[in-house]
There are 2 protein chains.
Amino acid sequence: MLDHRYRSQRAPINLSEAIIPGLCAGCGARHIGLCDALSDEDLHFLASVSRPLTVQKGQTFVVEGDAARSFFNINYGVAKLYKDMPDGRRQITGFVSAGDFVGLAADSCYAFSAEAIQEVRMCRFDRTELRNVFGRFPAIEQRLFDFASHELVVAQEQMLLLGRKTAVERLASFLDGWHHRLSHTEDSNSGRALPMTRADLADYLGLTIETVSRALSSLRKLGVISVAADHGVSVLQSTRLAEIAQAAGSSSAKIQPMA
Amino acid sequence: MLDHRYRSQRAPINLSEAIIPGLCAGCGARHIGLCDALSDEDLHFLASVSRPLTVQKGQTFVVEGDAARSFFNINYGVAKLYKDMPDGRRQITGFVSAGDFVGLAADSCYAFSAEAIQEVRMCRFDRTELRNVFGRFPAIEQRLFDFASHELVVAQEQMLLLGRKTAVERLASFLDGWHHRLSHTEDSNSGRALPMTRADLADYLGLTIETVSRALSSLRKLGVISVAADHGVSVLQSTRLAEIAQAAGSSSAKIQPMA
DNA sequence: TGTTTGCATTGATTCAAGTCAACTTCGAAG
DNA sequence: CTTCGAAGTTGACTTGAATCAATGCAAACA
């Protein structure tokens with residue numbers, strides 16, 4: 001319900017890529033919060049501080065520790081953000097898709113790496129121009145602020161997941177969240193295969209691929225989801241899934257002893 | 001080193017509490033990023049949208065799910081932010097102290113609860129006035145944006161900790177971070193007892209109190225820390241502690257086989 | 001058409017952290 | 001001074017997820 005603000009904002013404008021390189025055709029400027037008509041001067045300015053960028057599946061476009069020169073706004077596709085430990089352990093901190101900003105969690109250097117798990121198209125902004133962009137388009141600053149606040153809410157939710165939930169609860173939480181995310185995007189075909197591999201899920205949920213697989217089997221056996229031949233996951237009972245995710249119904253509704 | 005921006009900014013101004021109820025005596029407006037002289041009109045405005053607030057140790061001042069009407073800036077003391085599950089499991093998402101903002105991770109409702117673990121003094125702002133405050137003091141908006149970005153970096157770091165680190169690594173990471181945090185605050189008496197209980201540590205690190213205790217014993221036996229009679233923790237070898245926290249030296253410098 | 005290869009699933013076993021329980025210490029209350 | 005209770009430590013045992021290992025399966029390829 002919250003994602004709505006970030007994902008399903010349809011603007012009447014439809015600026016071609018030829019005019020504003022940084023903004024994709026078809027979606028215009030809606031992703032970055034610009035919904036009003038823009039002056040020629042504004043268009044020229046936007047074109048000067050942003051560039052379109054397409055990265056292929058598997059390609060890394062942000063490397064943890066590199067100087068944080070760019071700031072991205074995703075137009076199409078899904079990418080994973082992650083942190084690696086020297087011995088190879090990896091934690092995926094989030095998946096980003098259309099409308100999301102990438103590059104907030106950065107000071108002089110990026111605090112994470114980013115890799116496309118599908119073909120990803122985005123606008124790249126020069127980070128040094130960010131203040132200027134904000135000055136000219138306060139709507140973008142506000143939108144970015146709201147996005148950051150929302151990311152913090154999501155991050156706290158994820159900390160609860162990683163610190164306190166069981167494997168099955170983690171899977172249920174993720175599937176529940178992804179399900180909602182899809183329903184707010186145009187392509188609400190909830191029966192689709194997930195764009196990420198089991199390894200990505202494991203790295204996101206703080207588990208191993210084997211445990212992810214077993215947890216999916218558990219949920220399947222409970223009749224809450226179904227797993228297709230291509231490993232795609234469909235939610236059959238979304239309410240039940242949400243209950244498992246929040247551990248509701250199991251002990252929150254604990255019967256009070258009479259004594 | 002990053003905390004420096006948020007914690008050790010000393011402004012020459014020293015506005016009394018009588019003039020601006022929302023700003024504490026002694027620190028003036030530096031916490032919220034106001035370092036220039038303010039006009040009478042500005043002072044009056046600030047007084048109208050903010051109020052000073054003191055909460056005692058153990059007192060909860062933000063409840064998850066409540067309407068997010070206020071926004072806080074901590075002046076003194078330490079508070080814990082946390083999320084609870086219906087069956088009692090708890091995850092502390094962070095500890096906040098002087099200079100920190102509380103209330104970012106909120107939409108219409110707070111996404112977390114907050115409880116003072118020491119006496120805490122803070123400024124409370126009306127959230128509906130936030131836009132007006134930003135409009136009048138762009139420095140605050142910028143500071144808040146920087147703070148939010150930094151919180152995201154910290155949150156991602158914590159996700160890595162909760163998802164992938166061992167108990168000892170988690171403790172080492174926390175102690176290393178707290179050690180740095182202290183060194184940037186005025187009272188850099190690194191031999192101090194931690195303000196939080198073992199239970200708080202456990203809820204922050206996704207462990208049980210017994211495991212926290214055992215991990216502290218491990219680090220003590222390694223000679224990296226010492227634990228005082230009052231359970232206060234002192235760092236003896238900060239470099240070693242940081243290495244353990246990042247799992248460096250164990251396998252990152254793995255010797256490459258000759259073959 | 002068979003082979004390879006990358007994912008995914010499932011089973012057997014191990015292990016790090018959780019659970020249960022005993023004990024210590026210390027400060028506050030009586 | 002004694003008692004009490006909260007907080008912390010340590011030990012014995014259990015368990016949920018990790019690890020190790022085998023197998024399935026379909027797309028890519030020779």
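Worth knowing before you read on, the calculation uses all heavy atoms, side chains too, and leaves out hydrogens, waters and symmetry mates. Every chain is numbered from 1, with letters handed out A, B, ... down the list of sequences.
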**Student:** Looking across every strand, which nucleic acid part, if any, lies under 4.0 Å from A/Arg220 by heavy atom: base, sugar-phosphate, or nothing?
**Tutor:**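 The answer is sugar-phosphate, as A/Arg220 gets under 4.0 Å only of primed atoms, P, OP1 or OP2.
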**Student:** In whole angstrom, what separates A/Leu207's CG from D/dT19's C1'?
**Tutor:**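 After rounding, the reported distance stands at 14 Å.
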**Student:** Between atom CG in A/Asp230 and atom P in D/dG24, what is the gap in whole Å?
**Tutor:**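 Whole-Å distance recorded here is 20 Å.
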**Student:** Taking only side-chain N and O atoms of A/Thr208, does any of them lie within less than 4.0 angstrom of OP1 or OP2 on D/dA18?
**Tutor:**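 For D/dA18, OP1 or OP2 has a side-chain N or O of A/Thr208 closer than 4.0 Å.
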**Student:** For residues B/Thr93 and B/Lys83, is any side-chain donor paired with an opposing acceptor at under 3.5 Å?
**Tutor:**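 No - no donor-acceptor pair under 3.5 Å links their side chains.
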**Student:** Considering only side-chain heavy atoms of A/Ser213, which listed nucleotide, C/dT9, D/dA17, D/dT9, is closest?
**Tutor:**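 Of the options given, the side chain of A/Ser213 lies nearest C/dT9.
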**Student:** Out of C/dC26, D/dT9, D/dC20, which has the shortest distance to the side chain of B/Val227?
**Tutor:**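 Of the options given, the side chain of B/Val227 lies nearest D/dT9.
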**Student:** Distance check needed: D/dA7 P versus B/Ile117 CD1, whole Å only.
**Tutor:**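 Whole-Å distance recorded here is 13 Å.
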**Student:** Does B/Arg90 count as lying over the ring of B/Tyr82, i.e. NZ or CZ under 6.0 Å from the six-ring centre, within 45 degrees of the axis?
**Tutor:**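 Yes, B/Arg90 sits over the ring of B/Tyr82.
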**Student:** Kindly say whether, by distance alone, the side chain of B/Arg214 makes a donor-acceptor pair under 3.5 Å with the base of D/dG8?
**Tutor:**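 Answer is no: no donor-acceptor pair is held.
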**Student:** What I want to find out is whether A/Asp203 reaches A/Arg89 closely enough, with some N-O distance under 4.0 Å, to be called a salt bridge.
**Tutor:**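 The answer is no: the pair does not qualify as a salt bridge.
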**Student:** For B/Ser70 and B/Arg51, which I'm curious about, is there any donor-acceptor pair between the side chains at under 3.5 Å?
**Tutor:**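 The criterion, which ignores hydrogens and geometry beyond distance, is not satisfied for B/Arg51 and B/Ser70.
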**Student:** Provide, to the nearest angstrom, the distance between the CG atom belonging to A/Leu201 and the C1' atom belonging to D/dA17.
**Tutor:**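 Roughly 16 Å, once rounded to whole Å.
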**Student:** Starting from P on D/dA7, measure out to CE on B/Met196 and report it in whole angstrom.
**Tutor:**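 My rounded result for the distance is 15 Å.
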**Student:** Take a 6.0 Å sphere around CZ of B/Arg69 and say whether it holds more than 12 heavy atoms from other residues, nucleotides or ligands.
**Tutor:**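 At most 12 heavy atoms, drawn from other residues, nucleotides or ligands, come within 6.0 Å of this atom.
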**Student:** Could you state the atom-to-atom distance from CD1 of B/Ile209 to P of C/dA21 in whole Å?
**Tutor:**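 Computing the B/Ile209:CD1 to C/dA21:P distance gives 14 Å.
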**Student:** Does C/dA16 have OP1 or OP2 under 4.0 Å away from a side-chain N or O of B/Thr211?
**Tutor:**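 No.
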**Student:** Roughly how many Å is it from NZ in A/Lys57 to C1' in C/dC7, rounded to a whole number?
**Tutor:**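 Those two atoms, NZ and C1', are 11 Å apart.
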**Student:** For a quick test of reading the model: is some side-chain N or O of B/Arg198 closer than 4.0 Å to OP1 or OP2 of D/dT9?
**Tutor:**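 Affirmative; the distance criterion is met.
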**Student:** Using atom CZ of B/Arg164 as one end and atom P of D/dT19 as the other, report the distance to the nearest whole Å.
**Tutor:**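 So the two atoms are 9 Å apart, to the nearest Å.
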**Student:** Hey, does B/Thr197 reach any base, or is it just sugar-phosphate, or nothing, if we go heavy atoms under 4.0 Å?
**Tutor:**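 Sugar-phosphate contact only - B/Thr197 comes under 4.0 Å of backbone atoms but never of a base.
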**Student:** On the nucleotide D/dG16, are OP1 or OP2 found under 4.0 Å from the side-chain N or O atoms that A/Thr166 carries?
**Tutor:**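 No, A/Thr166 has no side-chain N/O under 4.0 Å of OP1/OP2 on D/dG16.
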